[in-house]
Amino acid sequence: MSYVDEVLELVKKKNASEPEFIQAVTEVLNSLRPVVEANEELYKKNAILERITEPDRQFMFRVPWVDDKGQVQVNRGFRVQFNNAIGPYKGGLRLHPSVNLGIIKFLGFEQIFKNSLTSLPIGGGKGGSDFDPKGKSDREIMAFCQSFMTELSKYIGADVDVPAGDIGTGAREIGFMFGQYKRIKGTFEGVLTGKGLTYGGSLARTEATGYGLLYLTQELMKCHGESMEGKTVVVSGAGNVAIYATQKAQQMGAKVVTCSDSTGWIYDSEGIDVALLKEVKEVKRARLTEYAAARPSAEYHEGRGVWQIKCDIALPCATQNELLIDDAKQLVANGCKCVCEGANMPTTIDATEYLQQNGVWFVGGKAANAGGVATSALEMSQNSERLSWSFEEVDAKLQNIMVNIYHNIDDAAKRYGMEGNYVAGANIAGFEKVVNAMLAQGVC
Ligand code: NDP
């Protein structure tokens, strides 16, 4: 049995109740086979794969808080510190009822490689809670965030572990958590990113994941002799990533015709009205039915369905496992040329393989959505030097980072004879740097 297969067996046995984590490890290790085979003796002796698939540590804790009726509620909090070979742990906090340890571990594991790809000094981690922010008052959100941070503050710090936003954790939640951290520790430090601009946040962080996704997509198109101009784009999601991906795609001359949320989706033949979408989702925090009600060119449909719309480019920007094999078949049948993931692991493994086998240029989230964490790392730099950079400065650095990521993953795939396999390229490029750091630092 090969070393990769041995470790996959081990991971499956040790983490049997965590399907998303097993899915992520399987995808990454399978694509690393050529690198591992080329260095098998060294990696095996140093147990590189066993070490990289086992988190440094993981915290699971009770989060008690009082709701508006005076009832005590209890949620479960998580922080997984996966690997800090190249820098402090860095990764978002997800607040969603579906959150469990396996999901946080899958996200933390992927984060190691994504963070490495940014070329900035950040390790991999992730956290969150099964708390559902939907329908909660601001006071309830604050009560939850303060309780969550009361425990989390024991394990994080500007040079230790720097969490950020993710699904359900936006500027409001980061603000409440930062306030509580400051209160407990009595120190003003860059312990969280995605902060408000008045207290250490970075300009362009809000836009960074969506914009970065488009900078990379544009470079990919350019390198295939194409441009974004006049292309039809299908986007899923209606949150932070989806909104700013849509905005940048439109600035680049493309037409984005869909968005979606957890209950339904919109087809807008005139192209998504970003200002209206922001009003509905960021200000009113309402359903997409309100978008359709305000826009004559828009159709609202219940359930899921954006991938059936004919497009040149598809950008899944909602959540994991939202683009399935039948969706991939539909995209290919409709002539879609390119799929770049704004969300983390939105495409299932079989759907990814189908897209790749049918000539679709496919870039996974690890590379394509790395603009968010890259700009978080830029926020950390600004906090450390007690300075803030202009929007243009941050945006230019982001653009540069995303273009470099595209070329790094393209080169890595070519070096191992897998030209055009950007998933393998991303895993290999991210992995090589982390492994070199791990080997240099000895057994730890
Ligand atoms: P948001 O919470 O802002 O938006 C998430 C969107 O996805 C919402 O429209 C939400 O619908 C929808 N959604 C969530 N869960 C489901 C589900 N189970 N089924 C269908 N739709 C769903 O999150 P972000 O935009 O920040 O994150 C989106 C993805 O991008 C995630 O995978 C995240 O990990 C990833 N990501 C985010 C980064 C960032 O900087 N924000 C950085 C890198 C990756 P509804 O409105 O109904 O809740």
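Counting starts at 1 for both ligands and their atoms, following the listed order.
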Quiz prompt | E151 with K154: basic N within carboxylate O range, under 4.0 Å | solution = yes
Practice problem: Could you pull out, from A242, G303, A343, A368, the option with a heavy atom nearest to atom 30 (O) of ligand 1? | Solution: A343
Quiz item: Should the proximity of E322 to ligand 1, defined as any heavy atom under 4.0 Å, be assigned to the side chain, the backbone, both, or neither?
Solution: neither
Quiz item: Are the side chain of D161 and the backbone N or O of I156 linked by a donor-acceptor pair below 3.5 Å?
Solution: no
Quiz item: Can you check whether K114 has an N/O within less than 3.5 Å of an N/O in ligand 1?
Solution: no
Quiz item: Considering only heavy atoms of G168, which atoms of ligand 1 have at least one such atom less than 4.0 Å away?
Solution: 2 (O)
Quiz item: Which residue holds the protein heavy atom closest to atom 45 (P) of ligand 1, what is that atom called, and what is the gap in Å?
Solution: S262 OG, 3.5 Å
Practice problem: Nearest heavy atom to atom 29 (C) of ligand 1 wins, so pick from A374, A318, S260, G342. | Solution: A318
Practice problem: Applying side-chain hydrogen bond (donor to acceptor under 3.5 Å, both in side chains), name anything that partners S129, two or more places apart in sequence or on another chain. | Solution: none
Self-check item: Which residue and heavy atom of the protein sit nearest atom 4 (O) of ligand 1, plus the separation
Solution: G239 CA, 3.2 Å
Quiz prompt | atom 37 (C) of ligand 1 - nearest protein heavy atom and its distance | solution = V241 CG2, 3.5 Å
Quiz prompt | Nearest-contact summary for atom 9 (O) of ligand 1 - protein heavy atom, Å | solution = A238 N, 2.9 Å
Practice problem: Of the side chain and backbone of R94, name the one, both, or neither that has a heavy atom under 4.0 Å from an atom of ligand 1. | Solution: side chain
Quiz prompt | With E322 via salt bridge (charged side-chain N to carboxylate O under 4.0 Å, His left out) - residues at least two apart | solution = none
Practice problem: Starting from atom 3 (O) of ligand 1, find the nearest protein heavy-atom neighbour and note its residue, name and distance. | Solution: N240 N, 2.9 Å
Quiz item: Among protein heavy atoms, which lies nearest atom 33 (C) of ligand 1, and at what distance?
Solution: D166 OD1, 3.1 Å
Exercise. Could you name the option among T209, T319, N344 that has the heavy atom nearest to atom 17 (C) of ligand 1?
Key: T319
Exercise. List every atom of ligand 1 that sits less than 4.0 Å from any heavy atom of R205, numbering the atoms from 1 in the order shown and giving each element.
Key: 40 (O)
Exercise. For ligand 1, note which part of C317 has a heavy atom under 4.0 Å away: side chain, backbone, both or neither.
Key: backbone
Quiz item: Would you say K185 has more than 12 foreign heavy atoms packed within less than 6.0 Å of its NZ?
Solution: yes
Quiz item: Is K231 paired with E226 through a side-chain N to carboxylate O contact shorter than 4.0 Å?
Solution: yes
Quiz prompt | Residue K281 vicinity, atoms of ligand 1 by number, heavy atom under 4.0 Å | solution = 46 (O)
Quiz item: What atoms of ligand 1 come closer than 4.0 angstrom to any heavy atom of R287?
Solution: 47 (O)
